[in-house]
Amino acid sequence: RISPSIFERMDPALKRTARGFDRLSGIYDGLVRLVYGGSLQNAQLALLPELREAESVLIIGGGTGWFLEAVLRNCPRARVTYVELSGKMLARSQARIGPEARERVEWVQGTLWDLEAGRRFDAICTMFYLDLFDGEILEQHVSRLGEMMNDSGQWLVCDFYKVESGWMRPASRALIWIMYRFFRSLTGIGARDLAYFPDNLTAVDLEQAYEQTLYGRMIRAQLYSRKV
């Protein structure tokens with residue numbers, strides 16, 4: 001559960017979101033597998049080897065901790081800052097990690113804005129996180145995360161996209177419509193529809209280095225670095 005001190009300083013919207021993801025924590029991974037099979041996990045692994053040399057990693061919106069396990073295995077020198085709003089999601093993440101690996105993780109129960117200004121990381125990982133926001137709020141998150149990248153840093157983004165052609169065009173739109181109604185009703189997330197993230201990332205002087213697509217191009221793993 002969220003500790004009282006953290007919970008009390010949240011605004012009402014964040015409290016609702018935290019409670020919603022607490023309720024989902026026990027079924028989240030199973031729900032993902034039911035709808036998308038292994039596509040979400042495969043997307044998170046697809047470009048992870050590119051981060052192998054990172055010594056400092058920020059995972060924001062970490063969920064149940066599956067991806068954290070993969071990062072700790074793949075990045076043997078990395079210390080990880082793990083930020084998650086939901087207390088139950090955070091507890092599940094901690095339970096997945098052995099005592100030795102746990103020493104490499106800084107656990108932050110809260111949001112991006114709870115990290116002190118001036119922090120810098122070799123790698124930033126947003127796994128199906130940017131889709132929680134749109135408009136000005138999305139711009140603020142991308143701008144803040146961009147400031148936290150080292151000059152030679154990398155940003156690994158895995159998220160959903162609306163497919164623009166073929167049979168997946170209507171299918172992707174239907175799935176996205178359902179997802180947003182589900183998560184808005186249960187967690188109160190602010191976004192009403194899926195934004196097009198590359199525009200926000202290029203606006204903070206980042207460029208895409210690699211991309212892999214899955215699930216008919218609806219799920220994409222992308223690696224960004226600073227423009228040269």
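Remark: the backbone N or O of E139 is not paired with any side-chain donor or acceptor of S143 at under 3.5 angstrom. The closest donor-acceptor contact from the side chain of D122 to the backbone of Q154 lies at 3.5 Å or more, if one exists at all. Side-chain N or O atoms of N74 include none that pairs as donor or acceptor with a backbone N or O of A70 at under 3.5 Å. Of the possible donor and acceptor atoms, one in the side chain of R102 sits under 3.5 Å from a partner among the backbone N and O of I97. Remark: the backbone N or O of A195 is not paired with any side-chain donor or acceptor of D134 at under 3.5 angstrom.
No more than 12 heavy-atom neighbours from other residues, nucleotides or ligands sit within 6.0 angstrom of CH2 on W167. Heavy atoms from other residues, nucleotides or ligands lying under 6.0 Å from CZ of R192 number 12 at most.
The CG atom of N200 sits 4.0 Å away from atom CG of L138, with the distance rounded to the nearest 0.5 Å. Atoms CG and OG1, from D199 and T202 in turn, are 5.5 Å apart once rounded to the nearest 0.5 Å. Separation of atoms CG (L58) and CZ (R79) is listed at 14.0 Å; rounding is to 0.5 Å. Note that CD of E53 and OG of S152 are 12.0 Å apart. Values are rounded to the nearest 0.5 Å. Q44 CD to W66 CH2: the interatomic distance, rounded to the nearest 0.5 Å, is 5.5 Å. Atom OG1 in T111 sits 8.5 Å away from atom CZ in R144 (nearest 0.5 Å).
Pairing each heavy atom of C125 with each of L51, the nearest pair is SG-CD1, 3.8 Å. Shown here for C158 and A221, the closest heavy-atom pair between the two residues is SG-CB, 3.8 Å. When every heavy atom of M148 is checked against every heavy atom of L112, the shortest pair comes out as SD-CD1, 3.7 Å. Smallest separation of non-hydrogen atoms from G166 and P170: O-CD, 3.6 Å. Here the shortest heavy-atom pairing between T187 and I189 reads OG1-CG2, 3.1 Å. Nearest approach of T64 to S25, heavy atoms of both residues: CG2-O, 4.0 Å.
Residues M89 and V80 share a single hydrophobic cluster, defined by chaining ILVMFWY side chains whose heavy atoms lie under 4.5 Å apart. V71 and Y210 fall within the same hydrophobic cluster, where Ile, Leu, Val, Met, Phe, Trp and Tyr residues are linked whenever their side-chain heavy atoms come under 4.5 Å apart, directly or through other members. Follow the hydrophobic side-chain contacts under 4.5 Å out from L34 and you never reach Y215; the two are in separate clusters. By the rule that hydrophobic residues join a cluster once side-chain heavy atoms approach within less than 4.5 Å of another member, W177 and L186 end up as members of separate clusters. There is no path of hydrophobic side-chain contacts, each under 4.5 Å, that joins I178 to I27.
Checking S93 against Y82 by side-chain atom types alone, a donor-acceptor pair falls below 3.5 Å. If you check the side chains of T81 and R119, you find a donor sitting under 3.5 Å from an acceptor. T126 and W155 are linked by a side-chain donor-acceptor pair at a separation below 3.5 angstrom, with hydrogens and angles left out of the test.
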Exercise for review: Check the pair R220, Q212 against side-chain contact (heavy atoms from CB on, under 4.5 Å), reporting the backbone distance first and the verdict last.
Suggested key: CA-CA 6 Å; R220 304 183 192 182; Q212 288 202 23; over 6 Å; no

**Study point:** Pair D159-I219, side-chain contact (heavy atoms from CB on, under 4.5 Å): steps then yes or no
**Key:** CA-CA 6 Å; D159 227 309; I219 297 170; over 6 Å; no

Practice item. Begin with the C-alpha distance, continue with both residues' side-chain angles, and end with the deciding distance and a verdict on side-chain contact (heavy atoms from CB on, under 4.5 Å) for M149 and L206. Key: CA-CA 10 Å; M149 279 180 61; L206 301 180; 3.9 Å; yes

Practice item. Walk me through it: do L40 and F160 pass the test side-chain contact (heavy atoms from CB on, under 4.5 Å)? Key: CA-CA 9 Å; L40 266 68; F160 299 104; 4.2 Å; yes

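Residues M168 and M218 meet the side-chain proximity criterion, which asks for heavy atoms closer than 4.5 Å. Contact check for E84 versus Q109: no side-chain heavy atoms found under the 4.5 Å cut-off. Counting only heavy atoms from C-beta outward, the side chains of K88 and R92 never approach each other to under 4.5 Å. Between L48 and L45, some side-chain heavy-atom pair lies under the 4.5 Å cut-off. Annotation: side chain of I124 is not in contact with side chain of I59 (no heavy-atom distance under 4.5 Å). Residues L24 and F182 have side chains in contact (heavy-atom distance under 4.5 Å, counting atoms from C-beta outward). Put simply, the side chain of Y224 does not reach to within 4.5 Å of the side chain of F197, judged on heavy atoms. Residues S172 and Y161 have side chains not in contact (no heavy-atom distance under 4.5 Å, counting atoms from C-beta outward).
One finds a salt bridge joining D193 and K162 here, because a Lys/Arg side-chain nitrogen approaches an Asp/Glu carboxylate oxygen to under 4.0 Å. Between E207 and K227 there is no salt bridge, since no side-chain nitrogen of the basic residue lies less than 4.0 Å from a carboxylate oxygen of the acidic one.
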